[in-house]
A.B. asks: 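Sharing a structure below in structure tokens format, with a few things to ask.
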Amino acid sequence: MAASGKVASFRLPPMPTVGELIKLYKLRAEKQLSQNFLLDMKLTDKIVRQAGSLMDAHVCEVGPGPGGLTRSILNAGAADVIVVEKDTRFIPGLKLLSEGAPGRLRIVHGDILTYRMDKGFPANISKPWEEDPPNLHIIGNLPFNVSTPLMIKWLENIANRTGPFVYGRTRLTLTFQKEVAERLTASTGSKQRSRLSIMAQYLCTVRNCFTIPGRAFVPKPEVDVGVVHFTPLVQPQIQQPFKLVEKVVRNIFQFRRKYCHKGIEKLFPEAGRVELTQEMMQKADVDPSLRPTELTIPDIRALVDAYAHICNHEPSFLNYEFREELRLKHIARKRKMPMDTFMDTPTSTQPSPQQPC
């Protein structure tokens, strides 16, 4: 009885439904912000259950909107919830929810892409990386337009143990377009296997929990939605810097229907490209006729390690970008100037995290 009384004390008092709040504050989803409301509390409760027990937990919710998922998080017993909301229109409704959960809900009016989550929670909740995850969760019904760049940002944080991961192996339970969810969890050889599959799975245990039909959202999106759970690994499956791994994987998957050596060639300048590619493939002991989707994570690890070894002998390769070389060639042709004119121009351009995965 004591336990049930404790759970009951965490539940919210009677208050307007999410649908009533939407009418009260005349809220509507903005298509340009990829907003879709999930009003069915059975579904929001089901999303929250994928995170595991939230009793006395600390939670950061991304993009709470009208607060449907927030209610489920609070009802699950979370003791300290930070919601990060960019859209001003939702703040009054969230404040009303905060009044119903005194001392348990903090509202941050800001952008999750720039919010310093590492400053949001007390340091004493931290757990050493080698131990169990801290009682801290990131949960969110992510807008489609930020889900991939945000996930890439968090994966880099995991690799560097920064941001939300200064507290330890913080777990994440997030929604994505069904197609993106399938990429994140795709196994070797599947047609959904992609750059995003490798980047997520070399750093985390990734689980595709369930699919929510698009008709459950308001307004109804054109696609279904997948719920994905991430637990960072104690040891990443590839022991190289994140940006190095990302560069190799990005090059491999830029020609996903061709043999993997075609993408690997583009890691090197045109002069010596064939020889260096052959050296890298031999050092990694990977079949050059495998297609990118057929490469296992141990295959990718061997390729990344081989590339790192070559770059140790010729550090300039780290800054080489094939597409930048193409761009300079195009400019040279237009101006009818020799390529040598441009060789002093830096050729490193960091890839945008928003490019397709």
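Fair warning: this is a prediction, and the values are worked out from it, not measured in the lab.
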A.B. asks: Does the side chain of T70 reach to within under 4.5 Å of the side chain of L74, using non-hydrogen atoms?
C.D. replies: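 Answer yes - side chains close enough.
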
A.B. asks: Quick check: is L233 connected to L172 through a chain of hydrophobic side chains (ILVMFWY, heavy atoms under 4.5 Å apart)?
C.D. replies: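 L172 and L233: separate clusters.
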
A.B. asks: Got more than 12 heavy atoms from elsewhere within 6.0 Å of NZ, K262?
C.D. replies: no

A.B. asks: Nearest heavy-atom pair of L203 and P236: which atoms, and what distance?
C.D. replies: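 Scanning both residues, the minimum pair turns out to be CD2-CB, 3.8 Å.
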
A.B. asks: For M151 and L174, run side-chain contact (heavy atoms from CB on, under 4.5 Å): C-alpha distance rounded to whole Å, both residues' side-chain angles, the deciding distance at 0.1 Å, then the answer.
C.D. replies: CA-CA 10 Å; M151 196 63 233; L174 306 166; 3.9 Å; yes

A.B. asks: Is V146 close to P143 at the side-chain level, that is, under 4.5 Å between some pair of heavy atoms?
C.D. replies: yes

A.B. asks: Rounded to the nearest 0.5 Å, how far apart are CD1 of I47 and SG of C209?
C.D. replies: 9.5 Å

A.B. asks: Measure the spacing between CD of Q237 and CD1 of I297 and express it to the nearest 0.5 Å.
C.D. replies: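 One gets 4.5 Å once the value is rounded to the nearest 0.5 Å.
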
A.B. asks: Step by step, would you call S72 with N75 a side-chain hydrogen bond (donor to acceptor under 3.5 Å, both in side chains)?
C.D. replies: CA-CA 5 Å; S72 292; N75 282 333; 5.8 Å; no

A.B. asks: Is it possible for you to say whether Y259 and L276 belong to one hydrophobic cluster, with membership spreading through side-chain heavy-atom contacts below 4.5 Å?
C.D. replies: no

A.B. asks: Can you list everything that forms a salt bridge (charged side-chain N to carboxylate O under 4.0 Å, His left out) with D305? Sequence neighbours excluded, please.
C.D. replies: none

A.B. asks: Salt bridge or not for R169 and E131, using N-O below 4.0 Å?
C.D. replies: no

A.B. asks: Closest approach of M280 and L303, non-hydrogen atoms and distance?
C.D. replies: CE-O, 3.2 Å

A.B. asks: Take a 6.0 Å sphere around CG of D285 and say whether it holds more than 12 heavy atoms from other residues, nucleotides or ligands.
C.D. replies: no

A.B. asks: Assess whether side-chain hydrogen bond (donor to acceptor under 3.5 Å, both in side chains) is satisfied between Q254 and R323, documenting all intermediate values.
C.D. replies: CA-CA 11 Å; Q254 69 179 324; R323 297 194 182 280; 3.0 Å; yes

A.B. asks: List the atom of E85, the atom of D87, and the distance in Å for their closest heavy-atom pair.
C.D. replies: OE2-N, 2.8 Å

A.B. asks: Got T211 and V225 here, is their nearest side-chain heavy-atom distance under 4.5 Å?
C.D. replies: no

A.B. asks: Check whether any side-chain N or O of K247 sits under 3.5 Å from a backbone N or O of Y320 as a donor-acceptor pair, and report yes or no.
C.D. replies: yes

A.B. asks: Do NZ/NE/NH1/NH2 and the carboxylate oxygens of R195 and E246 come within less than 4.0 Å?
C.D. replies: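 Here R195 pairs with E246 in a salt bridge, since their nearest N and O are under 4.0 Å apart.
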
A.B. asks: Quick check: closest heavy atoms across V83 and P64, and the distance to 0.1 Å?
C.D. replies: CB-CG, 3.6 Å

A.B. asks: Do you know which two heavy atoms are closest between P292 and F255, and how far apart they sit?
C.D. replies: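 Smallest heavy-atom distance, with atoms named: CG-O, 3.7 Å.
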
A.B. asks: Roughly how far, to the nearest 0.5 Å, is CG of L184 from OG1 of T148?
C.D. replies: 7.5 Å

A.B. asks: Out of curiosity, T277 OG1 to I264 CD1, how far, rounded to the nearest 0.5 Å?
C.D. replies: 7.5 Å

A.B. asks: Salt bridge or not for E99 and K95, using N-O below 4.0 Å?
C.D. replies: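 Here E99 does not pair with K95 in a salt bridge, since their nearest N and O are not under 4.0 Å apart.
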
A.B. asks: Just verifying a value: how many Å separate S194 OG and R250 CZ, rounded to the nearest 0.5 Å?
C.D. replies: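 The OG atom of S194 sits 14.0 Å away from the CZ atom of R250.
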
A.B. asks: Go through the structure and list residues passing side chain to side chain contact (heavy atoms under 4.5 Å, CB included) with A51, not counting sequence neighbours.
C.D. replies: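 Result, side chain to side chain contact (heavy atoms under 4.5 Å, CB included) vs A51: L54, H137, I139, T173.
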
A.B. asks: Quick one: pull up CG in L69 and CG in N141 and give me the separation to the nearest 0.5 Å.
C.D. replies: 7.0 Å

A.B. asks: Show me the pairs that pass ring-ring contact (aromatic ring centres under 6.0 Å, His included) and involve residues 197-226, at least two apart or across chains.
C.D. replies: none

A.B. asks: Excluding sequence neighbours, so at least two apart, what forms ring-ring contact (aromatic ring centres under 6.0 Å, His included) with F268?
C.D. replies: Y307, F317

A.B. asks: Counting N and O atoms only, with roles assigned by atom type, does the side chain of T162 sit under 3.5 Å from a partner on the main chain of I158, one being a donor and the other an acceptor?
C.D. replies: no

A.B. asks: Check the pair D287, S289 against side-chain hydrogen bond (donor to acceptor under 3.5 Å, both in side chains), reporting the backbone distance first and the verdict last.
C.D. replies: CA-CA 5 Å; D287 182 351; S289 67; 2.7 Å; yes

A.B. asks: List the atom pairs, with distances to 0.1 Å, where a side-chain N or O of residues 107-116 and a protein N or O form a donor-acceptor pair under 3.5 Å, not counting sequence neighbours.
C.D. replies:
{"unit_1": "H109", "atom_1": "NE2", "unit_2": "K86", "atom_2": "O", "d": "3.2"}
{"unit_1": "H109", "atom_1": "NE2", "unit_2": "T88", "atom_2": "OG1", "d": "3.1"}
{"unit_1": "D111", "atom_1": "OD1", "unit_2": "L113", "atom_2": "N", "d": "2.9"}
{"unit_1": "T114", "atom_1": "OG1", "unit_2": "D111", "atom_2": "O", "d": "3.2"}
{"unit_1": "R116", "atom_1": "NE", "unit_2": "D118", "atom_2": "OD1", "d": "2.9"}
{"unit_1": "R116", "atom_1": "NE", "unit_2": "D118", "atom_2": "OD2", "d": "3.4"}
{"unit_1": "R116", "atom_1": "NH2", "unit_2": "D118", "atom_2": "OD2", "d": "2.7"}

A.B. asks: List the steps and the verdict of side-chain contact (heavy atoms from CB on, under 4.5 Å) for F230 and R171.
C.D. replies: CA-CA 6 Å; F230 304 81; R171 290 161 288 182; over 6 Å; no

A.B. asks: Measure the shortest side-chain to side-chain distance between E279 and I310 over non-hydrogen atoms and say whether it is less than 4.5 angstrom.
C.D. replies: yes

A.B. asks: A side-chain contact here means heavy atoms from C-beta on lying under 4.5 Å apart; do V48 and D45 qualify?
C.D. replies: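 Heavy-atom side-chain distance check fails, nothing below 4.5 Å.
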
A.B. asks: What's the verdict on side-chain contact (heavy atoms from CB on, under 4.5 Å) for S126 and V166, showing C-alpha distance, side-chain angles and the deciding distance?
C.D. replies: CA-CA 7 Å; S126 300; V166 297; 5.9 Å; no

A.B. asks: Considering residues at least two apart in sequence or located in another chain, which fulfil the salt bridge (charged side-chain N to carboxylate O under 4.0 Å, His left out) criterion with D224?
C.D. replies: none

A.B. asks: Name all residues meeting the side chain to side chain contact (heavy atoms under 4.5 Å, CB included) criterion together with P288; count only those two or more places apart in sequence or in a different chain, and write none if there are none.
C.D. replies: H261, M281

A.B. asks: Who pairs with E270 by salt bridge (charged side-chain N to carboxylate O under 4.0 Å, His left out), at least two apart in sequence or on another chain?
C.D. replies: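 Scan of E270 (salt bridge (charged side-chain N to carboxylate O under 4.0 Å, His left out), adjacent residues dropped) gives K329.
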
A.B. asks: Heavy atoms, side chains only, cut-off 4.5 Å: are M199 and V245 in contact?
C.D. replies: yes

A.B. asks: Which of these passes side chain to side chain contact (heavy atoms under 4.5 Å, CB included) with F165: P133, P134, P232?
C.D. replies: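 Among the candidates, only P232 passes.
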
A.B. asks: Testing the basics here: between T293 and R256, what is the closest heavy-atom pair and its distance to 0.1 Å?
C.D. replies: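 Of all heavy-atom pairs spanning T293 and R256, the closest is CG2-NH2, 3.4 Å.
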
A.B. asks: Applying ring-ring contact (aromatic ring centres under 6.0 Å, His included), name anything that partners H309, two or more places apart in sequence or on another chain.
C.D. replies: H313

A.B. asks: Test of understanding: with salt bridge (charged side-chain N to carboxylate O under 4.0 Å, His left out), list the residues that count as partners of E294, not counting sequence neighbours.
C.D. replies: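 E294: no salt bridge (charged side-chain N to carboxylate O under 4.0 Å, His left out) contacts found.
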
A.B. asks: Side chain to side chain contact (heavy atoms under 4.5 Å, CB included) with S190: which residues, sequence neighbours excluded?
C.D. replies: A186, S187, Q192, R193

A.B. asks: Could you please spell out the steps behind the side-chain contact (heavy atoms from CB on, under 4.5 Å) verdict for S147 and Q177?
C.D. replies: CA-CA 9 Å; S147 61; Q177 285 177 286; 5.6 Å; no

A.B. asks: Checking the side chain of S197 only, and the main-chain atoms of R183 only, is there a donor and an acceptor separated by less than 3.5 Å?
C.D. replies: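 Checking the backbone N and O of R183 against the side chain of S197, a donor-acceptor pair under 3.5 Å is found.
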
A.B. asks: Sequence neighbours excluded, which residues qualify as side chain to side chain contact (heavy atoms under 4.5 Å, CB included) partners of F121?
C.D. replies: H58, C60, D80, I82, R106, M117, I125, L136, Y167

